[in-house]
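Just so it is clear, the model here is predicted, and its values are computed rather than measured.
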Amino acid sequence: MSTTHTPGRDGKPTAESPASGAVPAQAAEPEDGLGAAGAQLSTAPADTLDSLPGLGVLGWLRWLWRQLTSMRIALILLFLLSLAAIPGSLIPQHSDQLKVDDFKKAHPDISPLYERLGLFHVYSSPWFSAIYILLFVSLAGCIVPRTWQFVGQLRARPPAAPRHLTRLPAYSTWQTDASPEEVAEAARRVLRGRRFRTHLNGTSVAGEKGYLREAGNLLFHVALFGLLISFALTSLEAASGGKLVVGGDDGFVNNPALYDDFSGGTLYGADDLKPFGFTLDNFDAKYATSGPERGTALKFQANIHYWTGTDSSHTTKGAISVNHPLSIGGEKVYLISHGYAPVVTVRDGQGNIAYRGPVPFIPQDTDLTSTGVVKVPDAIGKDGKPDQLAFQGYFTPTGSTDRGPVSTFPALDQPLLWLTAYHGDLGLDSGIPQNVYQLDATHMKQFKLNTTTGVNGEVIKVGQRIDLPDGQGSLTFDGVRTWASFTISHQAGNESALISGVCAILGLALSLFVQRRRIWVRALRGPDGTTLVELGGLGRSESVRIADEIGDVAVQLLPDAPPRPDGGPDDRPATAPESADTPAETARTTDDEGARA
């Protein structure tokens, strides 16, 4: 049963049936009168958050799925994910257990609550994973139907012209002596020349362009999906370890046993380490020597030789500096810190060398005042019985005996070693792990050194020696080496995250700067034998661009459809608005609420 449309009192069409009068509201055209012409300008899913589901379990499940895959919920989940990541940046994580232990000691009251909430392992906590998975599902549920809808729009023809072109935001009309067929063919050529997809239906031409806008939207969503996958892969395969390397030593080999500390990932553990190694040749450090910046570091660079695989005979020279890691065997090697390692020789009560080599001291301030411990577990006492030795104290690269164990400059201008001595049991055989940079003197007795001054310690320069009382041993300060601390990090997903990020920016730019728009040209033969040419345009959002484009199309049509000089409003049907003298002057925009499709 066909329907006819007549203007109502407010100028909008009402649906009537010749046989039965008014038809139900759902059978009428939309109030804008555009029908399919104003539909599907976007592939964005409809926001159904305010709509109620139908009765029954299936209705509720369908409603919940629509809410989960809506843009509003996706933005809320993305915001929650950003908030959830904040504690992981402010609170120490289990990947650095030493910092976690220090935090618990410093905050014994709040630490149990943080532990229950999973704030020490945020990125593997159930609540963070729940947000992450929900966002993952939301994006997937949005991308798949939206992609199929967009593909369907690409394969479909541009929609036919609406019945009332005057209701469009941009409109132009004039009369010409050219035939409707000539006008339609000329319009098709003009639109195709302006990169519109066109469809010719009789003497009406429909054109559409701006598909890159929706392609950009989809690209942005897919790229965001790729970012989530990349972050998940990075978290699952993240592994890192630290190693302190003294210059001139044997160096480092990427083996779990040689790490000072190692933290593996879910999908990457100690068995997955790639074979490579490096040696520290020297450490290049330069400092400002004058002015207010005196002592400030000007250059930190570790010069190394490295190799990949199991063959260490073929090495390559490399350099690692702060914020400039070196990629070795697919892993990143970062420079973390540096310091000094005094080289000492310790003789026991039998006169034998019980220890010889460098001992790293840990910096305590910017001038590299450092603390350290020399542990000698293999010493033999004067009586021939085992008597372990230990020396604890400070190293100052630029020190003075008048100022005490405090360095005044970080360079090696006047190195001094300040030590106290102990003997007894180091506790290494108890099975309890010990910090190599700290001394547990519970079962040890301190030697009385330098008794003439009443101080149980001595300060020595390079080449000098500390003699223990009663011939129980000695320590000689042989020299100073430099050490550097490195972090070896395995990071997967960085490349895919970078690509996804670039694609997200590109997709966002396309969705912001490309406009989806449609133009229709209709040519109708009038009662007087002239042709009425009508142009109408519709954009996805209100913009003067569609009006400008209508004017440009009209100007390009003038050579094939020149306006009649005597054409006037009285010669046109009632459905066409009054025209100006030229087509460009009649292009307009309207604030008619019914045109906001």
Checklist entry - In chain order, what residues pass the ring-ring contact (aromatic ring centres under 6.0 Å, His included) check against Phe391, with sequence neighbours excluded? => result none

Item to check | ring-ring contact (aromatic ring centres under 6.0 Å, His included) partners of Tyr259, counting only residues at least two apart | outcome: Phe252, Phe262

Item to check | Worked check of side chain to side chain contact (heavy atoms under 4.5 Å, CB included) between Lys332 and Ile488 | outcome: CA-CA 6 Å; Lys332 292 286 187 179; Ile488 296 88; over 6 Å; no

Item to check | Side-chain heavy-atom pair Ser511, Leu508 within 4.5 angstrom cut-off | outcome: yes

Next on the checklist: List the residues meeting side-chain hydrogen bond (donor to acceptor under 3.5 Å, both in side chains) with Asn255, not counting sequence neighbours, and say none if there are none.
Outcome noted: none

Next on the checklist: Once side chain to side chain contact (heavy atoms under 4.5 Å, CB included) is applied, do any residues pair with Thr482, and if so which ones, sequence neighbours excluded?
Outcome noted: Phe283, His338, Tyr340

Checklist entry - Would the number of heavy atoms belonging to other residues, nucleotides or ligands and lying under 6.0 Å from CZ of Phe128 be above 12? => result yes

Checklist entry - How far apart are the C-alpha atoms of His305 and Asp281, what are their side-chain angles, what is the distance that settles it, and do they pass the side chain to side chain contact (heavy atoms under 4.5 Å, CB included) test? => result CA-CA 7 Å; His305 275 81; Asp281 301 331; 2.5 Å; yes

Item to check | Minimum heavy-atom distance Asp387-Gly424, with the two atoms named | outcome: OD1-N, 3.3 Å

Item to check | Partner set under side chain to side chain contact (heavy atoms under 4.5 Å, CB included) for Leu498, not counting sequence neighbours | outcome: Val502

Next on the checklist: Thr476 vs Asp478, test: side chain to side chain donor-acceptor pair (under 3.5 Å). Steps then yes/no.
Outcome noted: CA-CA 6 Å; Thr476 305; Asp478 298 325; 5.0 Å; no

Checklist entry - Is Lys104 close to Val100 at the side-chain level, that is, under 4.5 Å between some pair of heavy atoms? => result yes

Next on the checklist: Which heavy atom of Glu214 sits nearest to which heavy atom of Arg146, and what is that distance?
Outcome noted: OE1-NH2, 3.7 Å

Item to check | Leu439 versus Ala390, closest heavy-atom pair with distance | outcome: CD1-CB, 3.8 Å

Next on the checklist: Just checking Phe361 against Tyr437, ring centres under 6.0 Å apart?
Outcome noted: no

Ignoring hydrogens and angles, write down the donor-acceptor pairs under 3.5 Å from the side chains of residues 219-232, residues two or more places apart or on other chains.
unit_1, atom_1, unit_2, atom_2, d
His221, ND1, Asn217, O, 2.6
Ser230, OG, Gly226, O, 2.9
Ser230, OG, Ser496, OG, 2.8
Ser230, OG, Ala497, N, 3.3

Checklist entry - Roughly how far, to the nearest 0.5 Å, is OG of Ser321 from CZ of Phe300? => result 11.5 Å

Next on the checklist: I'd like to know whether Leu75 forms a side chain to side chain contact (heavy atoms under 4.5 Å, CB included) with Phe79, so could you lay out the CA-CA distance, the side-chain angles of the two residues, the decisive distance to 0.1 Å, and finally the verdict.
Outcome noted: CA-CA 6 Å; Leu75 292 176; Phe79 178 70; over 6 Å; no

Checklist entry - Can you find a pair of side-chain heavy atoms, one from Ile460 and one from Leu475, that are under 4.5 Å apart? => result yes

Checklist entry - Taking the side chain as C-beta and beyond, is there a heavy-atom pair between Ser370 and Ile362 under 4.5 Å? => result no

Next on the checklist: If you apply the rule side chain to side chain donor-acceptor pair (under 3.5 Å), what do you find for Gln392 with Thr420, and how did you get there?
Outcome noted: CA-CA 5 Å; Gln392 182 180 30; Thr420 57; 4.8 Å; no

Next on the checklist: How long is the straight-line distance from OG of Ser125 back to CZ of Phe120, given to the nearest 0.5 Å?
Outcome noted: 13.0 Å

Exercise answer: donor-acceptor pairs, residues 408-419 side-chain atoms, under 3.5 Å, sequence neighbours excluded:
unit_1, atom_1, unit_2, atom_2, d
Thr408, OG1, Thr398, O, 3.4
Trp418, NE1, Thr396, OG1, 3.2

Next on the checklist: With a 4.5 Å cut-off on side-chain heavy atoms, are Leu218 and Thr147 touching?
Outcome noted: yes

Item to check | For Asp402, all residues meeting side chain to side chain contact (heavy atoms under 4.5 Å, CB included), sequence neighbours excluded | outcome: Ser400

Item to check | Non-hydrogen side-chain atoms of Phe477 and Arg465 separated by less than 4.5 Å | outcome: no

Item to check | Other residues, nucleotides, ligands: >12 heavy atoms within 6.0 Å of Tyr211 OH | outcome: yes

Next on the checklist: Please check if the number of heavy atoms outside Asp383 that lie under 6.0 Å from its CG is greater than 12.
Outcome noted: yes

Item to check | Atom of Ala84, atom of Trp127 and distance for their closest heavy-atom approach | outcome: CB-CZ3, 3.5 Å

Next on the checklist: Asp284 vs Lys299, test: salt bridge (Lys or Arg N to Asp or Glu O under 4.0 Å). Steps then yes/no.
Outcome noted: CA-CA 7 Å; Asp284 190 2; Lys299 181 180 180 181; 3.0 Å; yes

Checklist outcome for this item: By salt bridge (charged side-chain N to carboxylate O under 4.0 Å, His left out), Lys286 pairs with (sequence neighbours left out) none

Checklist entry - Do you know the tightest heavy-atom contact between Ser474 and Asp467? => result CB-OD1, 3.5 Å

Item to check | salt bridge (Lys or Arg N to Asp or Glu O under 4.0 Å) contacts in which one or both residues fall within residues 345-373, not counting sequence neighbours | outcome: none

Item to check | Min side-chain heavy-atom separation Leu326-Ile304 under 4.5 Å | outcome: yes

Checklist entry - If you draw a 6.0 Å radius around CZ in Arg294, do more than 12 non-hydrogen atoms from other residues or ligands fall strictly inside? => result yes

Checklist entry - Just how far is it from atom CH2 of Trp307 to atom OG of Ser313, taken to the nearest 0.5 Å? => result 10.0 Å

Checklist entry - Of the options Phe278, Tyr334, Tyr306, which is the one that meets Phe486 in a ring-ring contact (aromatic ring centres under 6.0 Å, His included)? => result Phe278

Checklist outcome for this item: Across all chains, not counting sequence neighbours, the side chain to side chain contact (heavy atoms under 4.5 Å, CB included) partners of Leu428 are Pro377, Leu426, Gln434

Item to check | Minimum heavy-atom distance Val359-Val373, with the two atoms named | outcome: CG1-O, 3.3 Å

Item to check | 4.5 Å side-chain heavy-atom contact, Gln388 and Asp425 | outcome: yes

Checklist entry - How many angstroms lie between atom CZ of Arg481 and atom CG of Asn282, to the nearest 0.5 angstrom? => result 12.5 Å

Next on the checklist: For a side chain to side chain donor-acceptor pair (under 3.5 Å) check, start with the C-alpha distance between Asn303 and Gln301, then their side-chain angles and the critical distance, and finish with the verdict.
Outcome noted: CA-CA 6 Å; Asn303 300 310; Gln301 179 174 298; 2.8 Å; yes

Checklist outcome for this item: Only residue of Val245, Val246, Val436 satisfying side chain to side chain contact (heavy atoms under 4.5 Å, CB included) with Pro360 is Val246

Item to check | Derivation and outcome, side chain to side chain contact (heavy atoms under 4.5 Å, CB included), residues Leu368 and Phe395 | outcome: CA-CA 8 Å; Leu368 299 187; Phe395 173 77; over 6 Å; no

Checklist entry - Of all residues at least two apart in sequence or in a different chain, which pass the ring-ring contact (aromatic ring centres under 6.0 Å, His included) check with Tyr268? => result His490

Next on the checklist: To the nearest 0.5 Å, what is the distance between CG on Leu244 and OG on Ser337?
Outcome noted: 7.0 Å

